Amino acid sequence: MVGRWRPSTIIGPPRRSPFLHTPPSCFTSPPTLPCMIRTRFAPSPTGYLHIGGARTALFNWLFARHHGGRFVLRIEDTDAARNTAEADAAIVEGLRWLGLDWDEGPDAGGSYGPYRQSERRDIYDKWFEKLREAGRVYEDNGTWRFAFERRAVTVEDLVAGPVTMDYADESNTPDMVVRRRDGSYIFHFVNVVDDLEMNISHVIRGDDHLSNTHKHVQLFEALGAAPPAFAHIPLILNAEGGKMSKRDRGASLDTYHREGFVPDGVVNFLALLGWSPKDDTEVFSRDELARRFSLDGVARHAATFDLAKCRWFSGRHLHQMEPGALAEAAAPHVAAAGVPAPAPDVTERVYSLLREKAQTLSELPPLVALFTQDDLSPDAAALEKASHNPTFADTAAALRGALERIDEQEWGGERIQAAIADVAAALSTKPGKLMFPLRLLATGKTGGPDLLPLLEILGRHRACDRLARMETSLVSQP
RNA sequence: GACCUCUUCGUCUAGUGGUUAGGACUCCGCCCUUUCACGGCGGCAACACGGGUUCGAAUCCCGUAGAGGUCGCCA
């Protein structure tokens, strides 16, 4: 495809063509080596990391990692009025939680810093002077406007393809303010200067910047630089098909953190929201995504956010977690729910039993409670099941009696199973028929982890104690 | 309003002139099972609309409608 960027073909100096932007240039030498891919995520700290921003960051990260390039974090905090340190932290925390590590940034250093726009004033002044010397800006009521070339400009977008804007039509494209009365600079200018100064090779950003790109290309040209390659990724829409706003559930990334979504699952979900591997594979690790990611697979159309599917991806990744890692990840949620953590010696067993029962970490506390809380009371469904079983009282008594007769030293899955078989024989029924009543007695729930291992982990004393208490609650029903 | 972009099951998507339009989530049914899940099998469900081009169009062209974006001393 014309204008598509091919690493192997980029070997000489940048091509200069003021009105047809052909991406990208390779600034580095020696020219025989493929040029360094450098992408950046440039959020404005507004108090939270938006789900769309998170995906933009992800795509930039995936592209850089795929090509062995560098991923840069740059904070666009030129609007002092609404930027705060806390807002700054929210973005960093969000990216860390997703596992998107950056090679250069405010806290990571790098040779293109500083990485906060509020600290780059001198750099902007320098480039603005260059613009003035070139006669491309003029003063207007105290501000400084950039004079566009009044011609058609075509951007070869790596996702959208060629997009032409006719700058001869001034009504749509008035010369833009680049410098405010107070001497500060506006977004378009600082954004271009920073991408230029930081040697960004590929600008991967939201579709909402597609129309801005023609302005940026003109700015790059006026600054005497070859523009980077551009790739505009489609926006994320809310469940109603409208633009995702901060009011929408799930718009802020920390929601997923708080609600116990597994970060790998969220990454997987986000990657497939607008990008396709072009086959039927759905579940990817972060590394697999990086290996397979390509701008060719990025869709042109916006995608509607579906929380249920995100939950499913979380579940798929949760099911694959090692019990120890799962325990660690679940611990804060378990603690927050006021549920005691399992004893260290049984932690891995507990979590390997619970692993496939949950899709998110926040579903785990009530399941962990089955192992660590003895003052459980039967839920409504359990009460109903027991009350509808005319022989429940007899069965319960027999089961409790049989388990109580097991010697402390012999307590274990096999011995319990034998006891159940004895009761089954005495009651002329099948052992399998007794499992459900026993579950009701042991947990007060109609569902849950494997019963025998659960009883084994509980130990004879706690198990029998529960049986007795639960029998009272379940049998004394009207 | 002008300009730019988009439009395949409810949702995420595959599909680049010839397919029974495929997969996934959700939902429903069955199987597995000591329960709940997991898993397996099956089902419901889509080419926005109208014109062309073509032997043949989801795929190419034109138009219409709808949606989104840009047009700020916000980013």
Side-chain angles (χ1 to χ4, degrees), chain A residues 42-46 53 76-79 81-83 117 140-145 155 157 159-161 163-167 169-174 176-188 190-191 205-215 232 234-237 239 241-243 269-283 297 299-313 315-316 319 354-359 363 367 381-382 385 417 420 430-440 442-443 445-452 454:
Chain A
S44 178
T46 52
E76 306 219 331
D77 56 350
T78 54
D79 188 352
R82 68 184 212 195
N83 294 321
Q117 289 186 332
D140 174 28
N141 194 27
T143 66
W144 289 82
R145 287 184 186 272
V155 170
D157 190 271
V159 171
V163 179
T164 302
M165 289 280 237
D166 189 0
Y167 273 66
D169 179 0
E170 295 193 33
S171 69
N172 266 330
T173 59
M176 68 174 167
V177 171
V178 289
R179 184 168 147 123
R180 300 188 186 96
R181 260 192 288 248
D182 65 4
S184 62
Y185 298 93
I186 63 113
F187 162 75
H188 300 292
V190 294
N191 190 264
R205 65 198 347 178
D207 216 7
D208 48 338
H209 285 299
L210 183 55
S211 300
N212 287 332
T213 305
H214 303 74
K215 304 173 190 171
H232 288 89
L235 266 22
I236 296 178
L237 273 24
K243 189 183 180 183
F269 169 73
L270 249 23
L272 262 30
L273 203 55
W275 172 77
S276 168
K278 307 281 188 185
D279 63 25
D280 290 343
T281 318
E282 302 262 339
V283 179
R300 285 295 297 117
H301 54 270
T304 300
F305 186 82
D306 182 10
L307 196 63
K309 189 155 189 175
C310 187
R311 182 176 291 277
W312 180 80
F313 274 110
R316 288 300 301 259
H319 299 161
L354 298 182
R355 195 162 63 160
E356 66 274 5
K357 305 288 176 188
Q359 291 187 306
E363 292 165 32
L367 292 167
K385 289 287 182 185
Q417 194 157 29
I420 293 169
K430 288 189 248 180
K433 295 283 183 195
L434 298 177
M435 296 305 282
F436 191 74
L438 182 55
R439 173 177 297 282
L440 257 30
T443 67
K445 304 282 185 293
T446 54
D450 275 354
L451 196 50
L452 264 20
L454 167 62

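Values in this document were obtained by computation on a predicted structure and should not be read as measured data. Every chain is numbered from 1 and lettered A, B, ... according to where its sequence line falls, protein lines coming before strand lines.
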Per atom distances to the A/Ile186 side chain, the nearest of B/U5, B/C12, B/A75 is B/A75
What nucleotide, of B/C4, B/C73, B/C71, holds the atom closest to the side chain of A/Asn212? B/C71
Using a 4.0 Å heavy-atom cut-off across all strands, classify A/His232 as base, sugar-phosphate, or nothing. nothing
If I take atom CE in residue A/Met176 and atom C1' in nucleotide B/C71, what distance separates them, rounded to the nearest angstrom? 12 Å
May I have the distance from A/Glu170 (atom CD) to B/U70 (atom C1'), rounded to whole angstrom? 17 Å
What nucleic acid atoms does A/Gly142 come within less than 4.0 Å of, heavy atoms only: base, sugar-phosphate, or nothing? nothing
Under 3.5 Å donor-acceptor, A/Thr443 side chain and A/Arg439 backbone: yes
OP1 or OP2 of B/G15 less than 4.0 angstrom from a side-chain nitrogen or oxygen of A/Lys278, does that happen here? yes
Taken to the nearest whole Å, CG/A/Asp208 to C1'/B/C74 is 12 Å
Can you tell me the distance, in whole Å, between the CD atom of A/Gln117 and the C1' atom of B/C74? 12 Å
OP1 or OP2 of B/G72 under 4.0 Å from side-chain N/O of A/His188: no
Please compare A/Asp169 and A/Leu237 by the position of their nearest nucleotide in RNA chain B and report the one closer to 5'. A/Asp169
At 4.0 Å (heavy atoms only), tell me whether A/Lys215 reaches a base, stays on the sugar-phosphate, or touches nothing. sugar-phosphate
Which atoms form the tightest heavy-atom contact between A/Ser211 and A/Met165, and what is the distance? CB-CE, 3.7 Å
Could you work out which one of B/G68, B/U11, B/C4 sits closest to the side chain of A/Leu235? B/G68
Does B/G23 have OP1 or OP2 sitting under 4.0 Å from an N or O in the side chain of A/Thr281? no
Give none if B/U35 has no partner; otherwise give the nucleotide forming a Watson-Crick or G-U wobble pair with it, both distances under 3.5 Å. none
Least distance between heavy atoms, A/Leu451 atom then A/Ala442 atom: CD1-CB, 4.2 Å
Is A/His319 close enough to B/C38 that one of its side-chain N or O atoms is under 4.0 Å from OP1 or OP2 there? no
Picking from B/C73, B/C4, B/C25, which would you name as closest to the side chain of A/Trp312? B/C25
Between B/C36, B/U5, B/C25, which nucleotide gets closest to the side-chain atoms of A/Ala308? B/C25
Among the nucleotides B/A37, B/A75, B/C3, whichever has the atom closest to the side chain of A/Met165 is B/C3
Taking any heavy-atom pair under 4.0 Å as a contact, classify A/His209: base, sugar-phosphate, or nothing. base
Taking all non-hydrogen atoms of both residues into account, name the closest pair between A/Ile420 and A/Pro431 and its distance. CG2-O, 3.9 Å
Closer than 4.0 angstrom, basic N to acidic O: yes or no for A/Arg316 and A/Glu356? no
Looking across every strand, which nucleic acid part, if any, lies under 4.0 Å from A/Thr164 by heavy atom: base, sugar-phosphate, or nothing? sugar-phosphate
Send over the distance from A/Phe305 CZ to B/C12 C1', rounded to a whole Å. 11 Å
Find the distance A/Leu270:CG to B/C25:P and express it as a whole number of Å. 18 Å
How close or far is atom C1' of B/G1 from atom CG of A/Asn172, stated in whole angstroms? 10 Å
Assigned partner base of B/G72, Watson-Crick or wobble definition, under 3.5 Å: none
What's the separation between atom CG in A/Asn141 and atom CZ in A/Arg181, rounded to the nearest 0.5 Å? 5.0 Å
Indicate, yes or no, whether a donor-acceptor pair under 3.5 Å links the base of B/C73 to the side chain of A/Arg181. yes
Should A/Arg439 be listed as having a side-chain N or O under 4.0 Å from OP1 or OP2 of B/U33? no
Starting from P on B/U11, measure out to NZ on A/Lys309 and report it in whole angstrom. 12 Å
Between A/Pro431 and A/Ser171, which is nearer to the 5' end of RNA chain B once each is assigned its nearest nucleotide? A/Pro431
Using a heavy-atom cut-off of under 4.0 Å over every strand shown, decide if A/Ser276 touches base, sugar-phosphate, or nothing. sugar-phosphate
Heavy atoms only, 4.0 Å cut-off, all strands: where does A/Asn191 land among base, sugar-phosphate and nothing? nothing
Any strand, both distances under 3.5 Å, Watson-Crick or G-U wobble: B/C6 pairs with B/G66
Below 4.5 Å, heavy atoms only, C-beta onward: do A/Asn172 and A/Tyr167 meet side chain to side chain? no
